[in-house]
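Heavy atoms only: backbone and side chains are in, while hydrogens, waters and symmetry mates are out.
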Amino acid sequence: QVQLVESGGGLVQAGGSLRLSCAASARTFSSFAMGWFRQAPGKERESVAVISWSGSSTYYATSVKGRCTIPRDNAKKTVYLQMNSLKPEDTAVYYCAASTRGLGVTSRNEFDYWGQGTQVTVSS
């Protein structure tokens with residue numbers, strides 16, 4: 001069983017930055033693709049960013065491209081989401097997820113394990 005624990009959410013003003021962290025319990029963390037998703041009230045959960053197991057491949061949603069990065073540290077079993085130039089529309093619960101399916105995964109249906117989520121609120 002894989003446990004994912006997110007941290008780093010909070011309230012920030014528009015234009016500010018946040019770094020979310022996701023710590024994993026799995027011994028095989030380095031074999032998982034990792035992703036960040038978000039869900040705003042009344043909306044579907046959407047993909048924000050994904051990184052391959054090796055870190056050599058990344059995906060970013062159009063809405064965050066150029067403002068976010070998704071580094072990972074396999075030795076620490078942790079993946080991050082660095083968010084800059086935050087906008088009020090970035091307000092959502094952010095979830096960390098792990099996928100065993102290898103390269104090219106981006107949709108939530110391709111991820112097997114989920115964290116409990118962390119709230120990010122961006123004020124205007």
Side-chain angles (χ1 to χ4, degrees):
Q1 189 67 15
V2 176
Q3 290 187 325
L4 304 173
V5 180
E6 302 99 334
S7 61
L11 174 64
V12 63
Q13 288 189 331
S17 297
L18 276 177
R19 188 177 81 156
L20 306 183
S21 299
C22 172
S25 65
R27 288 188 302 155
T28 56
F29 173 80
S30 61
S31 68
F32 295 151
M34 298 297 297
W36 286 96
F37 293 75
R38 68 186 181 186
Q39 187 166 18
K43 294 189 176 182
E44 295 285 321
R45 189 173 300 187
E46 62 177 2
S47 175
V48 176
V50 178
I51 186 167
S52 62
W53 64 271
S54 66
S56 62
S57 177
T58 54
Y59 159 85
Y60 296 97
T62 301
S63 58
V64 304
K65 197 171 292 184
R67 300 190 296 121
C68 292
T69 58
I70 182 172
R72 67 187 294 164
D73 186 332
N74 285 343
K76 294 182 178 179
K77 299 181 183 179
T78 301
V79 64
Y80 306 92
L81 183 67
Q82 177 67 46
M83 301 187 291
N84 303 318
S85 303
L86 283 161
K87 305 174 181 180
E89 50 264 44
D90 293 318
T91 295
V93 177
Y94 283 71
Y95 297 90
C96 171
S99 174
T100 60
R101 287 166 170 76
L103 293 175
V105 294
T106 59
S107 75
R108 62 181 183 178
N109 294 331
E110 297 173 302
F111 284 77
D112 306 290
Y113 305 101
W114 293 84
Q116 81 288 352
T118 185
Q119 177 71 45
V120 171
T121 303
V122 183
S123 63
S124 57

[X] side chain near [Y] side chain, heavy-atom distance below 4.5 Å:
{"X": "T91", "Y": "Q119", "result": "yes"}
{"X": "I70", "Y": "Y60", "result": "yes"}
{"X": "E6", "Y": "L20", "result": "no"}

Which of these, D112, T100, V105, sits in a side chain to side chain contact (heavy atoms under 4.5 Å, CB included) with F32?
T100

Could you point out which residue of W114, Y113, Y95 forms a side chain to side chain contact (heavy atoms under 4.5 Å, CB included) with L4?
Y113

So which atom in [X] and which in [Y] form the shortest heavy-atom distance, rounded to 0.1 Å?
{"X": "N84", "Y": "Q82", "value": "OD1-NE2, 3.0 Å"}
{"X": "S31", "Y": "T28", "value": "OG-O, 2.7 Å"}
{"X": "M83", "Y": "V120", "value": "CE-CG2, 4.1 Å"}
{"X": "V50", "Y": "T106", "value": "CG2-CA, 4.1 Å"}
{"X": "M34", "Y": "V79", "value": "CE-CG1, 3.9 Å"}
{"X": "V93", "Y": "G117", "value": "CG1-CA, 3.9 Å"}

Nearest 0.5 Å, what's the [atom1]-[atom2] distance between [X] and [Y]?
{"X": "R38", "Y": "E89", "atom1": "CZ", "atom2": "CD", "answer": "8.0 Å"}
{"X": "L81", "Y": "T69", "atom1": "CG", "atom2": "OG1", "answer": "7.0 Å"}
{"X": "N109", "Y": "S47", "atom1": "CG", "atom2": "OG", "answer": "11.5 Å"}
{"X": "C96", "Y": "F37", "atom1": "SG", "atom2": "CZ", "answer": "9.5 Å"}

Expected output: side-chain [X] to main-chain [Y] donor-acceptor under 3.5 Å:
{"X": "N74", "Y": "W53", "answer": "yes"}
{"X": "S56", "Y": "S54", "answer": "no"}
{"X": "S99", "Y": "A33", "answer": "no"}
{"X": "S124", "Y": "P88", "answer": "no"}

Would R72 and F29 count as a cation-pi pair here, with the cationic atom under 6.0 angstrom from the ring centre and within 45° of the axis?
yes

Would R19 count as a cation-pi partner of Y80, with NZ or CZ less than 6.0 Å from the six-membered ring centre and within 45° of the ring normal?
yes

